[in-house]
Participant: 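Sharing a structure with you now.
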Amino acid sequence: VQLQAYGGGLVQSGCSLRLSCAASGFNLDYFAIGWFRQAPRKEREGVSCIRGSDGIIHYADSVKGRFTISRDNAKNTVYLQMNSLKPEDTAVYYCAAVWKNKIDGSNWYDDIAYDYWGQGTLVTVSS
């Protein structure tokens, strides 16, 4: 199981970015993919999650209405479309995977629930 996150960059407040999480070695239908972020001097926090073939999606309150998670099974890739970015969205963003049955509404945001992690991609939003 391998995950590769990419697509970060430097943008101005109000702009958009799309992050990608390319998965290899497993089928997205059977796994939940979560996006996390860690800002300087802060703990890592769950941003969003999409749960396998169920398609169940969760968002952190801080990104609801601005971020959209989606997946492309043909490309085995999960995306995080981030619109209306704010300086407080600045962080290193990670994607993570776990067998989908281990994730539900009570733990999707908890990083210890995930077994596989990709490297991070830095998102910097300037004001």
Side-chain angles (χ1 to χ4, degrees):
V1 174
Q2 287 190 325
L3 299 166
Q4 184 176 6
Y6 58 94
L10 171 63
V11 296
Q12 290 187 328
S13 181
C15 290
S16 299
L17 272 179
R18 188 178 78 163
L19 304 183
S20 300
C21 176
S24 59
F26 64 98
N27 188 320
L28 286 179
D29 281 347
Y30 303 108
F31 281 76
I33 303 295
W35 281 101
F36 289 78
R37 66 185 181 186
Q38 187 164 22
R41 298 174 298 280
K42 291 189 177 181
E43 293 187 356
R44 188 157 53 188
E45 65 169 341
V47 174
S48 184
C49 173
I50 185 166
R51 186 171 177 260
S53 57
D54 303 336
I56 296 173
I57 288 174
H58 301 281
Y59 293 104
D61 287 344
S62 59
V63 306
K64 277 181 183 175
R66 299 188 299 122
F67 290 11
T68 303
I69 193 171
S70 63
R71 65 179 197 173
D72 184 335
N73 279 11
K75 296 182 178 180
N76 225 35
T77 299
V78 173
Y79 303 101
L80 186 68
Q81 178 67 42
M82 306 186 296
N83 298 332
S84 302
L85 282 162
K86 305 175 181 180
E88 51 263 45
D89 294 317
T90 294
V92 177
Y93 284 72
Y94 301 87
C95 59
V98 67
W99 182 250
K100 68 174 185 177
N101 290 342
K102 292 186 175 182
I103 290 293
D104 60 25
S106 69
N107 69 347
W108 72 266
Y109 50 82
D110 193 345
D111 58 1
I112 67 171
Y114 292 78
D115 294 327
Y116 308 100
W117 289 82
Q119 87 294 353
T121 184
L122 177 63
V123 173
T124 304
V125 184
S126 63
S127 57

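Below, each value reflects all heavy atoms present in this structure, side chains not excepted, and no hydrogens, waters or symmetry copies. Along the sequence shown, residues are numbered consecutively beginning with 1.
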Participant: Under 4.5 Å between side-chain heavy atoms, hopping through other hydrophobics if needed: is there a path connecting Ile57 to Leu28?
Facilitator: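 Result: yes, single cluster for both.
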Participant: Find out whether Arg66 and Lys86 are in side-chain contact, i.e. whether some heavy atom of one side chain is under 4.5 Å from a heavy atom of the other.
Facilitator: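 Sidechains of Lys86 and Arg66: in contact.
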Participant: Among residues two or more places apart or on two chains, list those pairs meeting salt bridge (Lys or Arg N to Asp or Glu O under 4.0 Å) that have a residue in residues 104-113.
Facilitator: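 Only Arg44-Asp111 qualify under salt bridge (Lys or Arg N to Asp or Glu O under 4.0 Å).
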Participant: Are any side-chain N or O atoms of Thr68 and backbone N or O atoms of Gln81, one a donor and one an acceptor, separated by less than 3.5 Å?
Facilitator: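 Judged by distance alone, no pair lies under 3.5 Å.
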Participant: Roughly how far apart are Lys42 NZ and Thr90 OG1, rounded to 0.5 Å?
Facilitator: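 It is 10.0 Å, given to the nearest 0.5 Å.
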Participant: Is any side-chain heavy atom of Val78 less than 4.5 Å from a side-chain heavy atom of Ile69?
Facilitator: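 Heavy-atom side-chain distance check passes, below 4.5 Å.
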Participant: Examine distances only and state if a side-chain atom of Thr121 and a backbone atom of Gly8 form a donor-acceptor pair shorter than 3.5 Å.
Facilitator: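 Yes, Thr121 side chain to Gly8 backbone: donor-acceptor pair under 3.5 Å.
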Participant: I need the Thr124 OG1 to Leu85 CG distance, nearest 0.5 Å.
Facilitator: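 With rounding to 0.5 Å, OG1 (Thr124) is 10.5 Å from CG (Leu85).
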Participant: Could you walk me through whether Arg37 and Asp89 pass the salt bridge (charged side-chain N to carboxylate O under 4.0 Å, His left out) check?
Facilitator: CA-CA 9 Å; Arg37 66 185 181 186; Asp89 294 317; 2.9 Å; yes
Participant: Honestly curious: do Val125 and Leu122 fall in one hydrophobic cluster under the side-chain, below-4.5 Å linking rule?
Facilitator: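 Per the 4.5 Å side-chain linkage, Val125 and Leu122 are not co-clustered.
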Participant: How long is the gap from OG on Ser48 to CH2 on Trp35, to the nearest 0.5 Å?
Facilitator: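 If we round to the nearest 0.5 Å, Ser48:OG and Trp35:CH2 are 10.0 Å apart.
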Participant: To the nearest 0.5 Å, tell me how far Asn76 CG sits from Asn27 CG.
Facilitator: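 Output value for this atom pair is 6.5 Å.
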Participant: Hey, does Tyr79 have a side-chain heavy atom less than 4.5 Å from the side chain of Asp72?
Facilitator: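 Touching, per the 4.5 Å side-chain cut-off.
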Participant: Are any of the side-chain heavy atoms of Lys100 and Ser53 separated by less than 4.5 Å?
Facilitator: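 In contact.
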Participant: Does the side chain of Gln38 come within less than 4.5 Å of Tyr93's, by heavy atoms?
Facilitator: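 No - every pair of side-chain heavy atoms lies 4.5 Å or more apart.
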Participant: For the residue pair Phe36 and Tyr114, categorise the inter-ring angle as parallel (less than 30°), tilted (30 to 60°) or perpendicular (more than 60°).
Facilitator: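 Perpendicular, since the angle between the ring planes exceeds 60°.
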Participant: Would you say that Val11 contacts Ser16 through its side chain, given a criterion of any heavy-atom pair below 4.5 Å between the two side chains?
Facilitator: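 No. Closest side-chain heavy atoms not under 4.5 Å.
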Participant: Could I get the full list of ring pair (Phe, Tyr, Trp, His ring centres under 6.0 Å) partners for Phe31, not counting sequence neighbours?
Facilitator: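 Result, ring pair (Phe, Tyr, Trp, His ring centres under 6.0 Å) vs Phe31: Phe26, Trp99.
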Participant: Can we say Asp115 and Lys102 salt-bridge, meaning some charged N sits less than 4.0 Å from an Asp/Glu carboxylate O?
Facilitator: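 Answer for the salt bridge query: yes.
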Participant: I'd like to know if the side chain of Gln119 reaches the main chain of Ala5, judged simply by a donor and an acceptor atom lying under 3.5 Å from each other, with no hydrogens or angles considered.
Facilitator: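 Yes.
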Participant: Roughly how far apart are Cys95 SG and Ile33 CD1, rounded to 0.5 Å?
Facilitator: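 Here the interatomic distance stands at 6.5 Å.
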Participant: Are Val47 and Phe67 side-chain neighbours, meaning at least one heavy-atom pair lies under 4.5 Å?
Facilitator: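 Yes, their side chains come closer than 4.5 Å.
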Participant: When clusters are formed by joining ILVMFWY residues with side-chain heavy atoms under 4.5 Å apart, either directly or through shared neighbours, do Trp108 and Tyr30 land in the same one?
Facilitator: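 As far as the 4.5 Å side-chain criterion goes, Tyr30 and Trp108 are not connected within one cluster.
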Participant: So, does Ser127 use its side chain to make a donor-acceptor pair with the main chain of Pro87 at under 3.5 Å?
Facilitator: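 Looks like no, no N/O pair under 3.5 Å.
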Participant: Are Val123 and Leu19 close enough that some pair of their side-chain heavy atoms sits under 4.5 Å apart?
Facilitator: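 Yes; the side chains approach each other to less than 4.5 Å.
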Participant: For the hydrophobic clusters of this structure (ILVMFWY residues joined by side-chain heavy atoms under 4.5 Å, transitively), does one cluster hold both Tyr94 and Ile50?
Facilitator: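 Shared cluster, no.
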Participant: Would you compute the distance between atom OH of Tyr109 and atom CD1 of Ile103 and round it to the nearest 0.5 angstrom?
Facilitator: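 Rounded to the nearest 0.5 Å, the OH-CD1 separation comes out at 10.5 Å.
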Participant: Given 3.5 Å as the limit, does a donor-acceptor pair link the side chain of Arg51 with the main chain of Ile56, or not?
Facilitator: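 Between the backbone of Ile56 and the side chain of Arg51 there is no qualifying donor-acceptor contact (under 3.5 Å).
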